[in-house]
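This report concerns only the one structure given below.
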Amino acid sequence: MARRTSQNRPTSISKLDVPFYARPAVDVARDLIGTILVRRRRGREFRGRIVETEAYIGPQDLASHSSKGRTKRTEVMFGPPARAYVYFIYGMYEMLNIVTAEPGDAQAVLIRAAEPLDGWDANLSGPGRLARGFGIKLPENGLDLTGDKLFILDRSCSAPKVLATPRIGVEYAKHWQHELLRFIDADSLAVSKPRLGPGAKSPRS
DNA sequence: GCGTCGATGGCA
DNA sequence: GCCATCGACGCG
């Protein structure tokens with residue numbers, strides 16, 4: 001697939017594949033900033049530019065659901081990468097995560113915010129609103145991101161300015177709450193909490 | 001613009 | 001009882 005930029009130069013935009021996802025969640029989370037999430041549903045296509053993610057890096061990470069062990073709910077996380085891990089929380093919200101790393105290494109990336117594209121009028125700032133906006137619910141748990149119902153396109157042009165901050169809503173996770181595992185596009189207004197807080201740094205690459 | 005709080009259900 | 005949340009409400 002190719003499209004033309006405003007300068008009329010062809011730019012290839014490709015679907016992210018298994019090798020992209022079969023890496024540590026930290027790397028995937030950072031590299032997902034600026035990519036395009038695509039959802040095909042009921043004959044329509046919705047797109048959003050991802051501007052906020054969080055890495056959950058395995059069972060040792062007390063903020064990760066995989067730290068509770070392998071259960072029916074977390075089973076997908078322990079499987080192969082490039083699948084959706086969707087769970088239900090607070091009695092009303094679904095959350096969209098992407099499984100990363102090798103099978104058995106239960107890492108995942110939470111997609112927290114995106115900018116709607118193509119004139120789509122939606123609020124995708126915050127993981128609950130994002131999942132709702134894209135029509136992601138429990139039946140989408142385990143969905144294969146190499147298919148055509150839900151997938152991600154590589155960045156179309158230059159890399160955004162990425163900052164790393166502590167994750168949101170994981171105060172219970174002992175010292176893990178301070179790790180810089182949340183990544184944001186510093187220039188986006190669609191990041192869920194406009195305030196970066198004092199901990200924001202450039203991520204190590 | 002801010003902080004506080006209730007909703008609401010699956011899960012350990 | 002606890003959540004990887006959101007939106008409504010009260011304040012002044």
Side-chain angles (χ1 to χ4, degrees), chain A residues 21 24-33 35 37 48 50-79 81 83-101 105-116 121-143 145 150 152 162-185 188-200 203:
Chain A
Y21 298 106
V26 185
D27 298 332
V28 176
R30 185 196 59 230
D31 293 346
L32 280 176
I33 301 300
T35 62
L37 181 61
I50 296 173
V51 298
E52 179 178 351
T53 60
E54 283 178 0
Y56 290 82
I57 66 172
Q60 75 277 24
D61 174 4
L62 295 180
S64 174
H65 293 171
S66 62
S67 69
K68 304 281 192 185
R70 192 167 184 154
T71 68
K72 181 153 195 165
R73 181 210 210 183
T74 62
E75 182 64 25
V76 176
M77 281 182 104
F78 288 82
R83 301 251 174 111
Y85 167 48
V86 181
Y87 64 88
F88 185 73
I89 192 153
Y90 298 126
M92 40 186 130
Y93 299 111
E94 282 82 24
M95 306 251 156
L96 171 63
N97 300 250
I98 313 296
V99 178
T100 79
D105 189 357
Q107 305 196 37
V109 173
L110 172 66
I111 311 298
R112 289 190 54 91
E115 298 170 348
D121 182 24
N123 183 347
L124 307 175
S125 298
R129 287 186 285 239
L130 182 138
R132 176 167 299 179
F134 278 98
I136 306 288
K137 304 183 87 179
L138 279 183
E140 278 69 37
N141 188 41
L143 197 61
L145 281 264
L150 182 69
I152 301 177
V162 179
L163 290 181
T165 85
R167 292 173 291 185
I168 306 294
V170 297
E171 291 75 15
Y172 59 88
K174 306 241 176 101
H175 72 275
W176 288 96
Q177 73 180 284
H178 305 301
E179 296 290 325
L180 301 180
L181 293 172
R182 172 174 174 253
F183 299 94
I184 61 172
D185 176 347
S188 176
L189 297 176
V191 168
S192 66
K193 308 233 170 173
R195 255 202 272 306
L196 312 182

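Only this structure's heavy atoms are used, side chains among them; waters, hydrogens and symmetry mates stay out. Quick note on labels: first sequence line is chain A, next is B, and so on, each numbered from 1. All figures in this text were calculated on a predicted structure; none of them were measured in a lab.
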_P atoms of B/dC5 and C/dC2, separation to the nearest Å_ = 16 Å
*Got A/His178 and A/Pro166 here, is their nearest side-chain heavy-atom distance under 4.5 Å?*
no
*Consider only side-chain N and O atoms of A/Gln60 and A/Ser67, and report whether a donor and an acceptor are under 3.5 Å apart.*
no
_Watson-Crick or G-U stems of DNA chain B, 3 or more pairs, under 3.5 Å, by first number_ = B:1-7 with C:5-11, B:9-11 with C:1-3
*Go through the structure and list residues passing ring pair (Phe, Tyr, Trp, His ring centres under 6.0 Å) with A/Tyr87, not counting sequence neighbours.*
A/His65, A/Tyr85
*Of all the nucleotides listed (C/dA4, B/dG9, C/dT5), which has the minimum atom distance to the side chain of A/Ser64?*
C/dA4
*Take atom OH of A/Tyr85 and atom C1' of B/dG10, then tell me their distance rounded to the nearest Å.*
11 Å
_Candidate nucleotides C/dC3, C/dC6, B/dC11, ranked by approach to the side chain of A/Pro127 - the nearest_ = C/dC6
*Please report, rounded to the nearest Å, how far the P atom of C/dC3 is from the OH atom of A/Tyr87.*
12 Å
*Report yes if the side chains of A/Leu32 and A/Ile152 come closer than 4.5 Å at any heavy-atom pair, otherwise no.*
yes
*When you match A/Gly91 and A/Arg129 each to their closest nucleotide on DNA chain C, which lands nearer the 5' end?*
A/Gly91
*Rounded to the nearest angstrom, tell me the gap between atom CG in A/Leu96 and atom P in C/dA4.*
16 Å
*Are A/Arg132 and C/dC6 close enough that a side-chain N or O sits under 4.0 Å from OP1 or OP2?*
no
*Spacing between A/Lys68 atom NZ and B/dG10 atom P, to the nearest angstrom*: 18 Å
*asked:* Between the base of B/dA7 and the side chain of A/Tyr90, is there a donor and acceptor pair under 3.5 angstrom?
replied: no
*asked:* Can you measure A/Leu62 atom CG to C/dA4 atom C1' for me and round it to whole angstrom units?
replied: 14 Å
*Please state how far atom CD in A/Glu75 lies from atom P in B/dC11, giving the value in whole angstrom units.*
13 Å
_Separation of atom CZ in A/Arg70 from atom C1' in B/dA12, rounded to whole Å_ = 18 Å
*Quick one: label A/Met92 by what it contacts on the DNA or RNA (base, sugar-phosphate, nothing), any heavy atom closer than 4.0 Å.*
base
*Before accepting this row, confirm whether a basic side-chain N of the pair A/Glu54/A/Arg112 lies closer than 4.0 Å to the acidic partner's carboxylate O.*
yes
_Presence of A/Thr71 side-chain N/O under 4.0 Å of B/dC11 phosphate oxygens OP1/OP2_ = no
*Nearest-angstrom distance from the residue atom OH of A/Tyr56 to P of C/dC3*: 12 Å
*Look at A/Tyr93 and C/dC3 and indicate whether a side-chain polar atom (N or O) is within less than 4.0 Å of OP1 or OP2.*
no
*Do A/Lys174 and A/Asp61 sit within salt-bridge range, that is, some charged N less than 4.0 Å from a carboxylate O?*
no
_Under 4.0 Å between a side-chain nitrogen and a carboxylate oxygen: does that hold for A/Glu52 and A/Arg182?_
yes
